[in-house]
Amino acid sequence: MTPKAVFWDMDGTLVDSEPLHEAALVAALRSVGIAPPTNLHERVLGVAAWPVYEMLCGEFGLDLPFDDWIVRKYDHYLPMAETLKPRPGAIEIFNELRERGVQQAVVSNSDRLIVDANLRAVGLVYPGMKTISRNDVHEGKPHPEPFLRAAFLAGIEPADAAAVDDSRTGAMAGLAAGMRTMFWPEAPMEGPPGATVINSAEDLRRELGL
């Protein structure tokens, strides 16, 4: 059964941007003389910029002010955003839901600057589109506030909505918001209890009643 609303994570879910984020983070770290840890990807997947910054300061000795650090990272990321590709199947599903009149929003832990750049790069921009960035809420994922904000903007009860996210952090946020939550990781893995694990775009289509 198709839900009344579908709220999508962006990085790794709608767009294949996680490799770009990791490349920008690695370049920014090396530019300040810090060797990136081998498990960097797992440590930062789905996590907002501020907690990542705190981890880098506390464990790796990053000593730049946050504003200087994030500008450095984005200076590496934004030129690469032009090469961004959609996650196979995701935007096709988004557009089909839109044609059916299903409410949708993009719910991201990324900065507004990145949300807008990524969605422009893959052509997912239209009048009235609802997007929630980390700048639009007090608490980022795994807190439920970003998904609850999407439900508020859509005029939908959280229980009538589905959340789709590729990270455990995001899936936990969807579950905490009381939404039917679909965990669609980029590589097969176990999801948080209560989430439906999705392994392909076809799986997602079926779960959304398409």
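The model shown is predicted, which means the values in this text are computed figures rather than measured ones.
- In this structure, Asp68 contributes its side chain and Leu64 its backbone to no donor-acceptor pair below 3.5 Å.
- Remark: side-chain polar atoms of Glu145 are not paired, donor with acceptor, to backbone N or O of Val137 under 3.5 angstrom.
- Relative to the six-membered ring of Phe7, Arg149 misses at least one condition, a distance below 6.0 Å or an angle of at most 45° to the axis.
- How far NZ of Lys85 is from CG of Leu20: 11.0 Å, rounded to the nearest 0.5 Å.
- Interatomic distance, Met10 CE to Asp165 CG, rounded to the nearest 0.5 Å: 11.0 Å.
- With a 4.5 Å cut-off on side-chain heavy atoms, Arg112 and Arg134 do not count as touching.
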>> Let's go through Ser17 and Arg87 carefully: what are the C-alpha distance in whole Å and the side-chain angles of both, what is the deciding distance for side-chain hydrogen bond (donor to acceptor under 3.5 Å, both in side chains) to 0.1 Å, and is it a yes or a no?
In response: CA-CA 9 Å; Ser17 56; Arg87 186 171 186 180; over 6 Å; no

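- Defined by atom type and a distance below 3.5 Å, a donor-acceptor pair is present between the side-chain atoms of Tyr77 and Asn118.
- Atom CE of Met189 is surrounded by more than 12 heavy atoms from other residues, nucleotides or ligands within 6.0 Å.
- With contacts defined as side-chain heavy-atom distances shorter than 4.5 Å, the pair Arg43/Val52 does not qualify.
- Checking Arg72 against Ser31 by side-chain atom types alone, a donor-acceptor pair falls below 3.5 Å.
- Between Phe152 and Ile132 there is no side-chain heavy-atom pair separated by less than 4.5 Å.
- Of all heavy-atom pairs between Ala49 and Ile70, the closest is CB-CD1, 3.7 Å.
- Residues Glu190 and Val197 form no side-chain contact, since every pair of their non-hydrogen atoms from C-beta on lies 4.5 Å or further apart.
- Looking at every heavy atom in both residues, Leu113 comes nearest to Tyr74 through CD2-CD1, 3.7 Å.
- A 4.5 Å side-chain heavy-atom check between Met182 and Leu208 finds at least one atom pair inside the cut-off.
- Glu82 CD: 12 or fewer foreign heavy atoms inside a 6.0 Å radius.
- Asp136 places a side-chain N or O within 3.5 Å of a backbone atom of Ser133 that can act as its donor or acceptor partner.
- Side chain of Thr181 to backbone of Ala195: no donor-acceptor contact under 3.5 angstrom is found.
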>> Evaluate Glu96 against Arg100 for salt bridge (Lys or Arg N to Asp or Glu O under 4.0 Å), listing each step before the verdict.
In response: CA-CA 6 Å; Glu96 185 172 344; Arg100 293 188 179 203; 3.3 Å; yes

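- Inter-residue side-chain proximity for Ser110 and His21 is flagged as met; some heavy-atom pair is nearer than 4.5 Å.
- Residue Ile91 comes nearest to Pro86 through the heavy atom pair CD1-CB, 3.5 Å, listed as atom of the first residue, atom of the second, then distance.
- Using a 4.5 Å heavy-atom threshold, the side chains of Arg98 and Gln104 count as touching.
- Considering every non-hydrogen atom in both Arg30 and Pro36, the closest pair reads NE-CD, 3.9 Å.
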>> One pair to check against salt bridge (Lys or Arg N to Asp or Glu O under 4.0 Å): Asp116 and Arg120. What are the steps and the verdict?
In response: CA-CA 6 Å; Asp116 291 346; Arg120 275 198 310 270; 5.0 Å; no

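- In terms of the side chain to side chain contact (heavy atoms under 4.5 Å, CB included) criterion, residue partners of Glu202 (sequence neighbours excluded) are, by chain and number, Ser200, Arg205, Arg206.
- Aromatic ring orientation, Phe66 versus Trp50: perpendicular (interplanar angle above 60°, classes split at 30° and 60°).
- Atom CD1 of Ile198 sits about 5.5 Å away from atom CG of Leu204, to the nearest 0.5 Å.
- In this structure, CD1 on Ile156 lies 6.0 Å from NZ on Lys4, to the nearest 0.5 angstrom.
- Summarising the geometry of Trp184 relative to Thr13, their closest heavy-atom pair is CZ3-O, 3.9 Å, with the distance given to 0.1 Å.
- Side chains of Glu186 and Asp16 form a contact here, defined as non-hydrogen atoms less than 4.5 Å apart.
- In terms of hydrophobic clustering, with Ile, Leu, Val, Met, Phe, Trp and Tyr side chains grouped at heavy-atom distances under 4.5 Å, Met129 and Leu153 are assigned to different clusters.
- When all heavy atoms of Lys73 and Ala24 are compared, the pair lying nearest together is O-CB, 3.9 Å.
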